Novice: 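My structure is below; once you've seen it, I'll send some questions.
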Amino acid sequence: MTHLFPCILFVLMCGTSYAAFTVTCPLNYSPITVGSCVRYNQILCNTANEYDVSTGIFTVQTNGTYSISVSMMSGMLTSHLTLRKLGISSTYMVWLYTGTNYNMASQTINCELVVGDTMCVYAQSGSSLFSVYNTFTAVRIS
Ligand SMILES: *[C@@H]1O[C@H](CO)[C@@H](O)[C@H](O)[C@H]1NC(C)=O
């Protein structure tokens, strides 16, 4: 029962005609490398294969407005993440931070993206993320 509600949400999100992906971390600690994209390896949906599990990078395949969210928990260790637009002028869009007491942080942005734009969740500090509380998700909304 506890898993039913998230599943319904993901089905609703992934059942639209617009491209969407949602990825998370597995149970327990997942190592991250400062200075690189977080590689979420649990794929809940990836309708247009816009998320590359080997790099952690989201590559836009259709011009439009996207809603992009990141939730994080680093557990017993502090960590900073940024949602970052990659490319020639790599841009930090928003920052997230969690401390040492299993607290969580979350950010959502809505922005215009064009074909070929690339984004990822970038590790700014820390060494790991804790478990399935970590999510990276995007959906084209128009
Ligand atoms: C997507 O947007 C770019 C930049 O504005 C534009 O050059 C391109 O023609 C657009 N592609 C489509 C399929 O609308």
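Just so we're clear, the structure is a prediction, and the values are computed from it rather than from any experiment. As the structure lists them, so they are numbered: ligands from 1, and atoms in each ligand from 1.
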Novice: Exactly one of Thr108, Asn110, Thr137 should register a side chain to side chain donor-acceptor pair (under 3.5 Å) with Ser67. Which one does?
Specialist: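 So the option named by the test is Asn110.
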Novice: Counting from 1, what ligand 1 atoms have a heavy atom of Val114 closer than 4.0 Å?
Specialist: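 Answer for ligand 1: 2 (O), 4 (C).
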Novice: Counting the benzene-type ring for Trp, do Tyr66 and Phe58 have ring centres under 6.0 Å apart?
Specialist: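 Between Tyr66 and Phe58, the centre distance is under 6.0 Å.
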Novice: Heavy-atom distance to atom 14 (O) of ligand 1: which of Thr62, Asn63, Val60 wins?
Specialist: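 Among Thr62, Asn63, Val60, the closest heavy atom to atom 14 (O) of ligand 1 comes from Asn63.
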Novice: Protein heavy atoms near atom 7 (O) of ligand 1, is at least one of them under 4.0 angstrom away?
Specialist: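 Protein heavy atom within 4.0 Å of atom 7 (O) of ligand 1: absent.
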Novice: Looking at atom 2 (O) of ligand 1, is any protein heavy atom nearer than 4.0 Å to it?
Specialist: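 Given the 4.0 Å cut-off, atom 2 (O) of ligand 1 counts as touching protein heavy atoms.
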Novice: May I ask you to check whether Tyr102 and Tyr133 place their ring centers less than 6.0 Å from one another?
Specialist: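 Between Tyr102 and Tyr133, the centre distance exceeds or equals 6.0 Å.
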Novice: Suppose we call two aromatic rings close when their centres sit under 6.0 Å apart. Are Phe130 and Tyr29 close by that rule?
Specialist: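 For Phe130 and Tyr29, the ring centres are under 6.0 Å apart.
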